[in-house]
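A short write-up of the structure that comes next.
Below, chains carry the letters A, B, ... as their sequence lines are ordered, and counting in each starts from 1. Just the heavy atoms: all of them, side chains too, but no hydrogens, waters or symmetry mates, feed the values below.
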Amino acid sequence: MKALIEQLILTAARKAHQSGALPSDDFPAVVVEEPKSDAHGDFATNFAMLSAKPQKMAPRKIAQILLDQMENNHDQVAKVEIAGPGFINFFLNPTAWPPVVRQVLEQDETYGHSQLGRGQKIQIEFVSANPTGPLHVGHGRGAAVGDSVFNILKACGYQVHKEYYINDSGRQIQTLGRSVLLRARQLLGEEIVFPEDCYPGDYVKPIAQQVIDTKGADFVRHEDDATITYCARAAAQTIIAGIRDDLERFGITFDEWFSEQSLYDSGRVEQALEDLKARQVVYAQDGAWWFRTTDYGDEKDRVVVRQNGQTTYFASDIAYHHNKFQRGFERVIDVWGADHHGYIPRMTAAVEAAGWRRDQFQVILVQLVALLRGGQPVAMGKRSGEFVTLRDVIDEVGRDAARFIFLTRDYESPLDFDLEVAKQQTNDNPVYYVQYVHARIASILRKAQEQGVKEVRWQAAAGARLTETEEINLIKALDRYPQVMESAAQTLAPHRITFYLMQLAGLFHAYYNKHRVLTEQSDLTQARLCLVAAVQKVIRNGLGILGVGAPEQM
RNA sequence: GCGCCUGUAGCUCAGCUGGAUAGAGCAACGGACUUCUAAUCCGUAGGCCGGGGGUUCGACUCCCUCCAGGCGCGCCA
């Protein structure tokens with residue numbers, strides 16, 4: 001509907017220019033918005049105001065010229081008027097709205113999809129938690145955001161690939177191996193003071209037991225590199241399997257699990273470093289190799305190969321990101337925890353130094369999550385050895401509530417996740433508010449069937465009976481869904497879908513309480529059944545984007 | 001000290017990349033179930049958009065500055 005108004009304005013402007021009424025053909029981008037106040041019509045544009053400068057004319061005068069060109073030859077538009085400093089307000093004919101319902105019903109699960117992305121290849125990487133322990137709530141937020149952004153981009157015609165990067169190399173993993181080894185020896189009765197830098201969590205114990213069971217007690221008595229490496233690999237494997245399991249339970253699967261170690265094994269890290277050397281952006285100093293990231297806006301240069309010859313984490317990350325682009329992705333999106341924001345400049349440098357544009361690399365910085373129970377903070381952190389895992393949260397509050405809550409906030413703002421609130425089935429916890437709409441409509445449809453309604457089919461004549469204010473409001477909201485989706489894709493903002501759904505749900509509940517769908521008049525009943533069926537589809541589609549289920553009953 | 005994020009109703013947050021009189025939920029108060037699910041709805045009340053400057057027809061939105069909170073500033077990952 002909005003597109004129609006945009007066309008109307010642009011056409012009028014062109015005609016006005018051709019007839020000489022407007023001197024310039026330097027038109028601003030047509031921006032059509034939906035005014036907050038009904039008094040300002042269904043749609044409004046500031047086109048005339050923005051044209052004031054290029055046309056060297058008063059905004060209201062330009063508006064009048066455009067109006068003259070529009071005539072009133074469009075049956076969807078009832079009235080056009082000039083208001084305030086030069087807004088042009090459009091009032092639509094009430095009959096313009098009902099056909100939207102038909103469109104929703106026809107497009108069904110593809111309603112809201114678009115070709116915005118034109119098949120652009122995007123890689124999105126998220127979670128990528130180190131395999132040194134189970135996932136916590138912070139990872140859950142990143143997972144919910146990443147997966148939802150993936151869904152949005154996919155729906156908007158991008159070719160998206162989602163990936164989990166496994167940090168299965170480096171010192172951290174060795175530390176994990178040592179932790180397992182020491183735990184194993186403790187299990188065998190040895191008195192060992194557990195070192196500060198090792199992982200104290202309970203999840204290490206079963207892994208240690210498993211090593212003892214498969215390799216025997218003698219194996220773990222030797223603390224040599226081979227033994228540690230074995231323990232590390234075994235632990236990482238087990239933990240990754242657990243992570244994968246938790247994510248699946250959270251409704252998330254990846255197209256690819258990408259191993260850091262594989263970058264070393266295939267020589268890609270070395271290759272990436274050679275590339276940087278060839279491009280003369282690395283230099284040797286103090287026995288280490290430095291990447292001149294300051295050339296690309298970083299505040300200091302960064303080490304890629306340490307004095308001791310070992311590469312840094314940054315080095316493999318460079319290799320990984322180069323690899324992403326080499327695989328043909330035109331855009332790369334990383335979802336990181338806010339505590340990693342300091343790495344953006346150097347990663348951007350790495351992308352740019354290798355010849356890609358900096359705007360091809362985007363980082364979604366997800367702010368931290370504070371876990372609460374009844375308003376009181378729950379102790380977190382791996383070092384404390386005891387923490388609430390993502391799995392605990394899913395088990396306690398449910399997958400749908402958890403995912404929805406993670407997306408009820410812009411990811412740029414910090415989130416308090418209160419377990420008590422998440423369990424409550426009140427409006428403090430709007431997931432049920434939205435799901436309830438779906439269930440309610442399902443119930444109406446069941447009831448209709450019981451009453452002998454064979455099918456729900458759109459018919460224009462009957463559709464014209466949708467004239468109640470609440471019905472028009474609902475249809476307008478349905479009409480807006482594709483735009484919300486596109487704006488969510490453009491700004492990578494899944495929470496817009498969440499808020500849209502809450503608003504749509506509110507409109508439906510208001511309608512439901514005021515009007516009956518199943519009436520004595522069969523054509524009116526048909527029209528209303530079509531309307532609510534359309535609402536149900538949009539709710540289902542939207543919840544699907546968020547990774548939340550749409551129940552038939554509650 | 002420097003960088004990033006945040007600051008909007010008592011609380012939790014939106015505000016559609018600069019639009020008209022700043023919105024929603026919770027909490028408070030008052031109402032609505034013989035009806036398709038009351039996990040719902042209707043109404044009332046609630047504001048110096050952290051402070052101060054600037055940009056312009058117009059600023060919660062953009063720029064500068066100050067204040068407050070969170071996070072980050074390793075040859076760690």
Using nucleotides 25-29 of chain B, report all nitrogen or oxygen pairs with the protein that are shorter than 3.5 Å.
unit_1	atom_1	unit_2	atom_2	d
rG25(B)	O3'	Asn427(A)	ND2	3.4
rG25(B)	O2'	Asn427(A)	O	2.8
rC26(B)	OP1	Asn427(A)	ND2	3.1
rC26(B)	O2'	Asp428(A)	OD2	3.4

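- For residues 400-415 of chain A, the set of pairs meeting the side-chain hydrogen bond (donor to acceptor under 3.5 Å, both in side chains) definition, not counting sequence neighbours, comprises Asp147(A)-Arg403(A), Asp400(A)-Gln435(A).
- Between rC75(B), rU40(B), rC36(B), one nucleotide has an atom nearer to the side chain of Val517(A) than all others, and that is rC36(B).
- For the residue pair Arg496(A) and Ser487(A), a side-chain donor N or O sits within less than 3.5 Å of a side-chain acceptor on the partner.
- Remark: Arg60(A) is not in phosphate contact with rC57(B), judged by side-chain N or O atoms under 4.0 Å from OP1 or OP2.
- When base pairs are accepted only as Watson-Crick or G-U wobble with both N-N or N-O distances under 3.5 Å, RNA chain B takes part in stems of 3 or more pairs at B:1-7 with B:67-73, B:10-13 with B:23-26, B:28-32 with B:40-44, B:50-54 with B:62-66.
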Next item on the list: Give the C-alpha distance, both sets of side-chain angles, the deciding distance and a yes or no for side-chain hydrogen bond (donor to acceptor under 3.5 Å, both in side chains) between Arg465(A) and Gln521(A).
Entry: CA-CA 11 Å; Arg465(A) 299 206 52 184; Gln521(A) 306 164 51; 2.7 Å; yes
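- Among residues two or more places apart in sequence or in another chain, the ring pair (Phe, Tyr, Trp, His ring centres under 6.0 Å) test is passed with Tyr511(A) by His515(A).
- Nucleotides rG30(B) and rC66(B), compared at atom C1', are 45 Å apart to the nearest Å.
- Listed nucleotides: rU35(B), rC71(B), rU40(B). Nearest to the side chain of Arg516(A): rU35(B).
- Contacts of Trp290(A) with the nucleic acid, taken as non-hydrogen atoms under 4.0 Å apart, include base atoms.
- Listed by first then second residue, pairs satisfying side-chain hydrogen bond (donor to acceptor under 3.5 Å, both in side chains) with a partner in residues 38-53 of chain A read Asp42(A)-Lys476(A), not counting sequence neighbours.
- No N or O donor and acceptor, one from the side chain of His340(A) and one from the base of rG72(B), sit under 3.5 Å apart.
- Residue Leu368(A) has its side chain nearest to rC71(B) when only rU6(B), rC71(B), rA20(B) are considered.
- The nearest whole Å value for the distance from the OH atom in Tyr512(A) to the P atom in rA39(B) is 10 Å.
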What donor-acceptor contacts under 3.5 angstrom involve side-chain atoms of residues 363-375 of chain A, with partners at least two apart or in another chain?
unit_1	atom_1	unit_2	atom_2	d
Arg373(A)	NH1	Glu396(A)	OE2	2.8
Arg373(A)	NH1	Glu420(A)	OE2	3.3
Arg373(A)	NH2	Glu396(A)	OE1	3.1

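- The side-chain hydrogen bond (donor to acceptor under 3.5 Å, both in side chains) pairs that include a residue from residues 282-294 of chain A are Tyr283(A)-Asp301(A), Thr293(A)-Asp298(A), Thr294(A)-Asp301(A), where partners are two or more places apart or lie in different chains.
- Close to rA39(B), at under 4.0 Å from its OP1 or OP2, lies no side-chain N or O of Tyr432(A).
- Rounded to whole Å, the separation between the C1' atoms of rA9(B) and rG23(B) comes to 10 Å.
- In this structure His321(A) satisfies the ring pair (Phe, Tyr, Trp, His ring centres under 6.0 Å) test together with Phe361(A), sequence neighbours excluded.
- Here Phe258(A) pairs with Tyr320(A) under the ring pair (Phe, Tyr, Trp, His ring centres under 6.0 Å) rule; sequence neighbours left out.
- Annotation: side chain to side chain donor-acceptor pair (under 3.5 Å) contacts of Gln483(A) (sequence neighbours excluded): Lys2(A).
- Lys300(A) has a side-chain polar atom (N or O) that falls below the 4.0 Å cut-off from OP1 or OP2 of rC75(B).
- Side-chain contact check for Tyr165(A) and Ser259(A): no donor-acceptor pair (N or O, by modelled atom type) lies under 3.5 Å.
- In summary, the side chains of Gln362(A) and Arg331(A) do present a donor paired with an acceptor at a separation below 3.5 Å, with no hydrogens or angles considered.
- Listed nucleotides rA39(B), rC75(B), rA20(B) differ in distance to Arg306(A); the shortest reach to its side chain belongs to rC75(B).
- In this model, the phosphate group of rG74(B) is not approached by any side-chain N or O of Arg302(A) to a distance below 4.0 Å at OP1 or OP2.
- Residues satisfying the ring pair (Phe, Tyr, Trp, His ring centres under 6.0 Å) test with Tyr436(A), not counting sequence neighbours, are His509(A).
- Glycosidic conformation of rC33(B): syn, with the torsion inside 90° of 0.
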Strictly under 3.5 Å: I want the nitrogen or oxygen pairs between protein and nucleotides 12-19 of chain B, one per line.
unit_1	atom_1	unit_2	atom_2	d
rU12(B)	O3'	Arg409(A)	NH2	3.3
rU12(B)	O2'	Arg409(A)	NH2	2.4
rC13(B)	OP1	Arg409(A)	NE	3.1
rC13(B)	O5'	Arg409(A)	NE	2.9
rC13(B)	O5'	Arg409(A)	NH2	2.8
rA14(B)	OP1	Asp410(A)	N	2.8
rA14(B)	OP1	Ser413(A)	OG	3.3
rG15(B)	OP1	His495(A)	NE2	3.0
rG19(B)	O2'	Glu33(A)	OE2	3.3
rG19(B)	N7	Asn46(A)	ND2	2.8

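- Backbone-only engagement by Ala510(A) is indicated by non-hydrogen atom pairs under 4.0 Å involving sugar-phosphate atoms exclusively.
- Nucleic acid contact for Ala439(A): base, since at least one base atom lies under 4.0 Å from a heavy atom of the residue.
- In this structure, His509(A) reaches the sugar-phosphate backbone alone: every heavy-atom distance under 4.0 Å involves primed, P, OP1 or OP2 atoms, never a base.
- Residue contacts shown for Glu412(A) are limited to sugar-phosphate atoms, with no base heavy atom under 4.0 Å away.
- With RNA chain B read from its 5' end, the first of the two nearest nucleotides for Ala44(A) and Asp339(A) is the one closest to Ala44(A).
- Glycosidic conformation of rU8(B) is anti; the angle lies outside 90° of 0.
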